**Student:** 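This is the structure, below, for whatever I ask next.
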Amino acid sequence: EVHLVESGGGFVQAGGSLRLSCAGSGFTSDDYAIGWFRQAPGKAREPVSCMSVRDGKPHNADSVKGRFTASLDGAKNTVYLHMNSLKPEDTAVYYCATDTLCSDNVGLFSSWGQGTQVTVSS
């Protein structure tokens, strides 16, 4: 069973930066994707960024393009989310999830971590 653990969340002032980590284990092949999603109180879960082992390129949502990007350490089965120029609207629980391909469809991801809280103050 695939297991994902998020870390790196915290409390940061607007304009600051954080790096989130998603460490995966239990993969049965080297061909997988890990996506980052976020969910603010009262809102639906939305995609943020995704990395696949196969293409090695980040796919960033328009809402964070230019501020956030993902990177992959294949040896560690870990995907990072580098967050810069944080805004209060970025406050949310950030989750990582895995599937065979990157997708904006939350429902297609088969395994999820427990999430890490990011809070951005004005």
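We use all heavy atoms of the structure for the numbers below, so side chains are in, but hydrogens, waters and symmetry mates are not. None of the values given here were measured: they were computed from a predicted structure.
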**Student:** Compare all side-chain heavy atoms of Thr91 with those of Glu89 and state whether any distance is below 4.5 angstrom.
**Tutor:** no
**Student:** If you compare all heavy atoms of Ala33 against all heavy atoms of Cys102, which two are closest, and at what distance to 0.1 Å?
**Tutor:** CB-N, 3.7 Å
**Student:** Does a side-chain heavy-atom distance below 4.5 Å link Asn77 with Tyr32?
**Tutor:** yes
**Student:** Checking side chain to side chain contact (heavy atoms under 4.5 Å, CB included) for the pair Thr100/Asp31: CA distance, chi angles, key distance, verdict?
**Tutor:** CA-CA 7 Å; Thr100 56; Asp31 193 8; over 6 Å; no
**Student:** Are Tyr80 and Met51 close enough that some pair of their side-chain heavy atoms sits under 4.5 Å apart?
**Tutor:** no
**Student:** Does some side-chain heavy atom of Arg54 sit less than 4.5 Å from a side-chain heavy atom of Asp30?
**Tutor:** no
**Student:** Return the OG to NZ distance between Ser49 and Lys65, rounded to the nearest 0.5 Å.
**Tutor:** 9.5 Å
**Student:** Can you see which heavy atom on Gln117 is nearest to which on Thr119, and at what distance?
**Tutor:** NE2-OG1, 3.3 Å
**Student:** With heavy-atom distances below 4.5 Å as the criterion, would you say the side chains of Val120 and Lys87 are in contact?
**Tutor:** no
**Student:** Less than 4.5 Å apart, any side-chain heavy atom of Arg38 and any of Lys43?
**Tutor:** no
**Student:** In a table with atom names and distances, give each donor-acceptor pair under 3.5 Å that connects a side chain of residues 5-15 to protein atoms at least two apart or in another chain.
**Tutor:**
from, atom 1, to, atom 2, distance (Å)
Glu6, OE1, Gln114, N, 3.0
Glu6, OE1, Gly115, N, 2.8
Glu6, OE2, Cys96, N, 2.8
Glu6, OE2, Gly115, N, 3.3

**Student:** Have Asp99 and Ser110 got a donor and an acceptor in their side chains that come within less than 3.5 Å?
**Tutor:** no
**Student:** Which heavy atom of Asn84 sits nearest to which heavy atom of Ser17, and what is that distance?
**Tutor:** OD1-OG, 2.9 Å
**Student:** Do Val118 and Asp90 have side-chain heavy atoms sitting under 4.5 Å apart?
**Tutor:** no
**Student:** I'd like to know if the side chain of Ser63 reaches the main chain of Ala61, judged simply by a donor and an acceptor atom lying under 3.5 Å from each other, with no hydrogens or angles considered.
**Tutor:** no
**Student:** Tell me whether Ile34 shares a hydrophobic cluster with Leu18, the cluster being built from Ile, Leu, Val, Met, Phe, Trp, Tyr side chains joined at under 4.5 Å.
**Tutor:** yes
**Student:** What's the separation between atom NZ in Lys76 and atom SG in Cys22, rounded to the nearest 0.5 Å?
**Tutor:** 14.0 Å
**Student:** Evaluate Tyr94 against Met83 for side chain to side chain contact (heavy atoms under 4.5 Å, CB included), listing each step before the verdict.
**Tutor:** CA-CA 12 Å; Tyr94 283 71; Met83 305 188 295; 4.0 Å; yes
**Student:** Return each pair, listed once, that meets ring pair (Phe, Tyr, Trp, His ring centres under 6.0 Å) where at least one residue sits in residues 43-79; pairs must be two or more places apart or across chains.
**Tutor:** none
**Student:** Same cluster for Leu4 and Val106 if Ile/Leu/Val/Met/Phe/Trp/Tyr side chains link at under 4.5 Å?
**Tutor:** no
**Student:** Quick check for you: to the nearest 0.5 Å, what is the distance between Ser111 atom OG and Glu1 atom CD?
**Tutor:** 6.5 Å
**Student:** Counting N and O atoms only, with roles assigned by atom type, does the side chain of Ser85 sit under 3.5 Å from a partner on the main chain of Arg67, one being a donor and the other an acceptor?
**Tutor:** no
**Student:** Answer yes or no on whether Arg45 is positioned over the face of Tyr95, meaning its NZ or CZ is under 6.0 Å from the six-membered ring centre and within 45° of the axis.
**Tutor:** yes
**Student:** Please say yes or no: joined through hydrophobic side-chain contacts below 4.5 Å, possibly via intermediate residues, are Val53 and Leu81 part of one cluster?
**Tutor:** yes
**Student:** Suppose we screen for ring pair (Phe, Tyr, Trp, His ring centres under 6.0 Å). Which residues come up paired with Phe37, at least two apart in sequence or across chains?
**Tutor:** Phe109, Trp112
**Student:** Without swapping roles, check the side chain of Thr78 against the backbone of Asp73 for a donor-acceptor pair under 3.5 Å.
**Tutor:** no
